[in-house]
Amino acid sequence: MSTSVSAAAAAALLPILTGRRSPPASRVPGISRRRIGSNPRLSSSSAPSPILPTAAMATDGAASAAESKNTLLTFDTKEDLAVSLAKYTAELSEKFAAKRGAFTVVLSGGSLIDALRCFDASPASSQIAPFLFPPGFTDHVEICWFGRKLTEPPYLESVAWSKWHVFWVDERVVPKNHEDSNYKLAFDGFLSKVPIPPGQVYAINDALSAEGAADDYEACLKQLVKSGVIAMSAATGFPRFDLQLLGMGPDGHIASLFPGHPLVNEKERWVTYIKDSPKPPPERITFTFPVINSSAYVAMVVTGAGKAGPVQKALSDKKTSSDLLPVEMAVLQDGEFTWFTDKPAVSMLQNK
Ligand SMILES: O=C1O[C@H](COP(=O)(O)O)[C@@H](O)[C@H](O)[C@H]1O
């Protein structure tokens with residue numbers, strides 16, 4: 001069972017009760033990095049920081065294909081994952097804001113937003129004082145507060161929010177105030193808490209059809225490429241976002257690119273639409289693989305045992321091109337791909 005407790009109260013009390021503040025990510029307990037077999041998609045970096053490899057920081061994010069990196073990070077708790085993800089994002093924000101004067105960030109919907117704002121606890125957890133729980137209470141507890149990690153000091157003050165430009169890798173074709181809207185999810189959970197200029201948050205036009213909204217979003221991206229806000233990949237000829245924060249469904253879908261759907265083979269469009277999504281709601285728009293795979297950085301945030309199967313398949317050495325899951329088709333041309341996982345998500349990997 002998952003129980004919500006007073007987030008604000010817990011947030012206020014936690015550092016006092018435990019005598020702890022969030023540790024620097026390089027000292028986050030429970031973090032592990034591993035190499036799996038000879039899978040060329042996944043390697044362990046020799047860089048000392050588990051968060052952002054030094055080699056990547058030394059480049060402009062345009063590492064050569066030979067330098068492209070794939071890293072698996074596994075955390076004991078969602079709290080640890082969220083702390084690390086916030087630090088990773090803040091470091092990239094600093095890097096790109098300094099270099100380009102802009103930081104283009106792509107969000108997905110679903111559990112990704114939770115990863116920016118939640119931690120798990122139980123009476124047995126060292127992260128929350130046991131006496132906060134009633135006697136005999138053993139359930140898992142999920143404590144959430146909106147945008148806590150990046151909206152807290154030091155990030156609230158130190159991140160150059162005015163340089164952020166925010167996009168969605170996919171969006172459901174529903175009004176922006178609809179419960180299914182990825183915009184609403186991100187706005188309520190994160191964007192409403194940080195001072196990103198509203199004109200730099202690029203939601204879809206929810207007055208249009210799926211087809212119209214995809215065309216409109218692609219036109220918007222093209223305009224932003226022209227004005228220099230979004231970079232272009234010299235290698236692929238597609239837009240190159242600085243950071244894509246992605247999630248994966250239990251079926252291995254990413255964005256709104258579903259297993260076996262013809263959209264996974266789209267090679268020309270930047271943004272396309274789907275009217276028969278197997279996951280409701282049926283009408284969505286989505287970035288295509290050429291755009292996803294042109295990113296400088298991707299953080300793939302995957303938690304929970306329900307996703308262990310696709311994680312195992314994605315990180316397996318044995319691949320046949322005929323039955324690739326969408327998550328397996330996310331292969332950066334020239335960038336860094338980092339998995340942010342918890343232990344249940346990697347539970348089917350050998351040599352865990
Ligand atoms: O429908 C969607 O699902 C995926 C995965 O969601 P999750 O809740 O299983 O993490 C999400 O990444 C995508 O943006 C969303 O539209």
Side-chain angles (χ1 to χ4, degrees), residues 2 75 78 81-82 85 89 105-118 120 142 144 166-191 201-204 206 210 213-214 217 241 243-261 263-264 270-289 291-293 295 297-314 325-330 337-342 344-348:
S2 177
F75 300 87
K78 282 187 187 174
L81 188 157
L85 185 63
T89 303
V105 182
V106 177
L107 301 176
S108 59
S111 57
L112 180 272
I113 301 298
D114 279 347
L116 297 174
R117 67 183 187 185
C118 286
D120 287 329
E142 187 172 66
C144 301
V166 177
F167 305 85
W168 276 264
V169 73
D170 73 324
E171 179 57 287
R172 291 87 179 273
V173 183
V174 293
K176 284 193 200 60
N177 59 1
H178 192 282
E179 284 307 311
D180 286 336
S181 163
N182 284 344
Y183 169 82
K184 176 174 165 45
L185 182 73
F187 184 82
D188 291 348
F190 175 56
L191 296 173
V201 174
Y202 305 94
I204 70 165
D206 60 357
Y217 210 68
F241 289 93
L243 171 64
Q244 299 209 24
L245 292 165
L246 303 184
M248 179 195 80
D251 58 355
H253 86 267
I254 63 168
S256 284
L257 299 163
F258 291 90
H261 196 283
L263 280 192
V264 301
W270 295 10
V271 184
T272 188
Y273 66 97
I274 178 170
K275 290 191 156 186
D276 56 354
S277 163
K279 176 179 175 181
E283 298 203 2
R284 293 147 172 257
I285 72 165
T286 181
F287 281 10
T288 60
F289 272 117
V291 174
I292 291 171
N293 289 343
S295 303
Y297 290 86
V298 164
M300 179 64 71
V301 181
V302 181
T303 60
K307 296 177 178 176
V311 167
Q312 192 235 357
K313 188 166 187 306
L325 292 172
V327 69
E328 295 176 87
M329 300 170 78
F337 193 107
T338 304
W339 290 79
F340 286 80
T341 64
D342 64 359
V346 299
S347 57
M348 290 175 69

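All ligand and atom numbering here is 1-based and tracks the order in the structure. Position 1 is the first residue of the sequence, and the numbers go up from there.
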Inset, instruction - For residues N182 and L107, determine if any side-chain heavy atom of one lies less than 4.5 Å from a side-chain heavy atom of the other. - result: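 They are not in contact (no side-chain heavy atoms under 4.5 Å apart), so the answer is no.
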
Legend entry - Check: H253 and P259 side chains under 4.5 Å, non-hydrogen atoms: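 SC-SC contact between P259 and H253 confirmed.
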
Inset, instruction - May I ask you to decide if L85's main-chain N or O and T89's side chain share a donor-acceptor pair within less than 3.5 Å? - result: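 It does hold such a pair.
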
Legend entry - Side-chain (R284) to main-chain (A255) donor-acceptor, under 3.5 angstrom: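 No, R284 side chain to A255 backbone: no donor-acceptor pair under 3.5 Å.
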
Inset, instruction - Please work out whether the ring planes of Y217 and F167 are parallel, tilted or perpendicular, with thresholds of 30° and 60°. - result: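 Answer is perpendicular, since the angle exceeds 60°.
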
Inset, instruction - Describe, in one word, how the ring planes of Y183 and F187 are oriented to each other, choosing from parallel (under 30°), tilted (30 to 60°) and perpendicular (over 60°). - result: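 The rings of Y183 and F187 lie parallel, inter-plane angle below 30°.
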
Legend entry - Under 4.0 Å from ligand 1, counting heavy atoms only: the protein residues, by chain and number: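 Answer by chain and number: S108, G109, G110, S111, D170, R172, N182, G247, M248, G249, H253, A255, K279, R284, K307.
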
